[in-house]
Protein chains: 4
Amino acid sequence: MPKISDERRAARRTQILEAAWTCFQRRGLHATSMDDIIRAAGLSAGAVYSYFPSKEELILAAVTTSLGNLRALIAPLLAERPLPPPDELVRRIAEVITAYTVHEAYDLRRIALLGWSEAQRNERLRETMRGFYLPFRAVLEEAAAQWRDERVLPEQAATDDVAKLMLSVILGFVVQSAILGDVAPSALADGLRAMLTPQPA
Amino acid sequence: MPKISDERRAARRTQILEAAWTCFQRRGLHATSMDDIIRAAGLSAGAVYSYFPSKEELILAAVTTSLGNLRALIAPLLAERPLPPPDELVRRIAEVITAYTVHEAYDLRRIALLGWSEAQRNERLRETMRGFYLPFRAVLEEAAAQWRDERVLPEQAATDDVAKLMLSVILGFVVQSAILGDVAPSALADGLRAMLTPQPA
Amino acid sequence: MPKISDERRAARRTQILEAAWTCFQRRGLHATSMDDIIRAAGLSAGAVYSYFPSKEELILAAVTTSLGNLRALIAPLLAERPLPPPDELVRRIAEVITAYTVHEAYDLRRIALLGWSEAQRNERLRETMRGFYLPFRAVLEEAAAQWRDERVLPEQAATDDVAKLMLSVILGFVVQSAILGDVAPSALADGLRAMLTPQPA
Amino acid sequence: MPKISDERRAARRTQILEAAWTCFQRRGLHATSMDDIIRAAGLSAGAVYSYFPSKEELILAAVTTSLGNLRALIAPLLAERPLPPPDELVRRIAEVITAYTVHEAYDLRRIALLGWSEAQRNERLRETMRGFYLPFRAVLEEAAAQWRDERVLPEQAATDDVAKLMLSVILGFVVQSAILGDVAPSALADGLRAMLTPQPA
DNA sequence: GATGAATGAGTCTTCATTCAT
DNA sequence: AATGAATGAAGACTCATTCAT
């Protein structure tokens, strides 16, 4: 038998991963059985196991891929120059997260919550996440420096603290909209702009 | 054994709940077996089941109790008058969350992440959480109104949007400090204050 | 504490037995838990166990008592003189079984089916039943002799075979009316009389 | 292991069913654990569960199959023409029941008692049984009509009542021989013939 | 005597993973 | 390479029985 082409292999991987996402978000990481995924992917057990050697590996891959997709979506927003002000940036990131959610067969926010939860007990997953969020926060810190230079923020503003605040706002948006479901990106942005608006002494 | 006193019953319940918290946060909600909890509580299976009729019920109770404890801790901060400014309020809430974590045998942030994840697939848990976060956000909205009246925020600030932003900041702090573990309450507060500080035109 | 009077003890026993019958017939012998019976009797576990040392004992007592009650009801019918003809006797026995069923809080036929089933795996119960059915069949044999002497049955009729046939008819009535539920005592009697009616050569 | 052939699947099913019959009749329906059956079948838990999704389903299948086998055995006897007289028919049916018992690894009478008992609390089983006994009784009614036409029974005999009587005789034979164990088919037939024999006025 | 909380072995069932074909 | 039947350890939960109070 001829070896399967690399393309086909990659396509299969994606097919499995997408089946996994669908199941995970519907039933959660642990309540989803390998059989659920196998059936959703329309493959055999052996086939799935030839791509992912264990359920843990599949979970890790699913979360890593999600994170990667997210990064690809958000990176351009942070690279834009001139950099939009904080409220505008937050709005656009929130929009990207929401849009992703709607377009694809899975909800990025749900995957995020599942992943964070799982990261509590999975060292490798935790490391993967640190490898994503830490650089992301570093970029936010650069943005903060830019805002400070542009006098959007005060001169003495600690850029690392601003980055932490910004990351919290974004992560919190994910939680809040997943649990309460009524937070529009613009609401978040407007709330933040209210903070930024200078008051008359 | 004759009828046990109400006190002892409550004590046993707490004993089981604490064992559950410990296990849950160590291994996660699903990877924790009832047997783990039973052994951690030092009781028999039957005894545990006479207090909580199922694992789901135990999970629900664990999360609900955590949420209740958290509410009891945060409520006074929001009731204080004069109301501290936004950055100060955020700092104190974050401190309470962090402190709770350290003192008790469980980490409130981990429990929160586990609970959010589980709420995706558990209707009752989701409702319990809505019943907690929605009123909490309503109180934050009152605080926003107060800040607006005190001219801490601009007159035209939408108080509901401010409340959503504030809730995001707090929830995001929980996630960020649970995953990255390097976010001091004061850092968050300082980041937020930077936003609030008026810039010279 | 003064010893409980014998009367009270007997009343308690009956109370427990009746609770057991109710539960058994509703859920079956094995699906009924001791707790079901305990609650139905309105007593404590200890109390029930002071009357019946085990579930098996309780089952045995329940069946034995049922059988005893049945015997008390049927005995007079067989003692009547002149003895009614076979079809009439069958009708009256079937009526007694049906009536018992309706009046009391339990269905004698259901108890019978449960008991027969249980007797398969319970030596003592099987013996108890033999101790009931064997003498009963002996009495039927006496009846057969009487019928033969009265020329209701042919002279050469084997009375033991007739007794076996009669017992089958009665036991079969219990099964058929429990499972199909549409067999009136008179139908059974009429069916039997059709057999007995002499045909013109 | 690739797809198993239909034959092998059917063979496995039978293998499990036979193991179940053996266990059920030895220990009863409820006292038999799935583990008993699994070991008796020489398979793994998963294998058994892939053929029967639950114990209830296995019980239902065991009883249904028994009933089906019984039907296959009895049908020819009722289809014979000329139709044997009632006593002869009963004898042959009783013989078939007894023979089945001896040849196979299970006792049809015991299975019947267990099934009747279980049918009390199992709606589906009850329906299955009605679906078996009602048509069987209908065929007996046809036989009764035939006997009436042949002047074996009186002209005014109610065929439905005769059918009920005949069914009772057969069901009662099952009970009596299972509990008392000393009823030969011929004894039953002879008892019935005694009834049928015309007496001189 | 009575109570009912506690025990813990045993039940049914699931599911990640393997490997014979 | 692919299949999917089979494995069997582990999980949630029940319940007859006991015994400290």
Please classify the nucleic acid contact of [X] as base, sugar-phosphate, or nothing, using heavy-atom distances under 4.0 Å.
X: Tyr51(D); value: sugar-phosphate
X: Arg12(B); value: sugar-phosphate
X: Thr32(C); value: sugar-phosphate
X: Ser50(A); value: nothing

d([atom1], [X]; [atom2], [N]) in whole Å:
X: Arg39(A); N: dA16(E); atom1: CZ; atom2: P; result: 11 Å
X: Asp36(B); N: dG11(F); atom1: CG; atom2: C1'; result: 10 Å
X: Ile38(C); N: dT18(F); atom1: CD1; atom2: P; result: 12 Å
X: Glu57(D); N: dT13(E); atom1: CD; atom2: P; result: 10 Å
X: Leu43(A); N: dT3(F); atom1: CG; atom2: P; result: 7 Å
X: Tyr49(B); N: dA9(E); atom1: OH; atom2: C1'; result: 15 Å
X: Lys55(D); N: dT13(E); atom1: NZ; atom2: C1'; result: 12 Å
X: Ile37(A); N: dT17(E); atom1: CD1; atom2: C1'; result: 13 Å

Verify whether one side chain among Asp36(B) and Ser33(B) offers a donor that lies under 3.5 Å from an acceptor in the other. yes

Show the nearest heavy-atom pair for residues Ile38(B) and Ser44(B), with the distance to one decimal. CG2-C, 3.8 Å

If the threshold is 4.0 Å, N to carboxylate O, is there a salt bridge linking Arg124(D) and Glu118(D)? no

Using a 3.5 Å distance criterion without hydrogens, assess whether the side chain of Ser117(B) forms a donor-acceptor pair with backbone atoms of Ser117(A). no

Considering Watson-Crick and G-U wobble pairs with both distances under 3.5 Å, what does dT11(E) pair with? dA12(F)

Is there a Watson-Crick or G-U wobble partner for dA20(E) with both distances under 3.5 Å, and if so, which one is it? dT3(F)

Nearest to the side chain of Ser44(D), which nucleotide is it out of dA9(F), dG8(E), dA6(F)? dA6(F)

Closest to the Ser54(B) side chain, choosing from dT11(E), dC13(F), dA16(F): dC13(F)

DNA chain E: Met34(D) or Gly42(B), which has the more 5' nearest nucleotide? Gly42(B)

DNA chain E: Ala47(B) or His30(A), which has the more 5' nearest nucleotide? Ala47(B)

Could you give me the CA-CA distance, side-chain angles and deciding distance for Leu43(D) and Tyr51(D), then say whether side chain to side chain contact (heavy atoms under 4.5 Å, CB included) is met? CA-CA 11 Å; Leu43(D) 295 173; Tyr51(D) 286 84; 5.7 Å; no

Would you kindly compare Gly46(D) and Ser33(C) by the position of their nearest DNA chain F nucleotide and give the one closer to the 5′ end? Gly46(D)

Residue met sooner reading DNA chain F from 5', once Ala45(C) and Glu56(B) are mapped to nucleotides: Glu56(B)

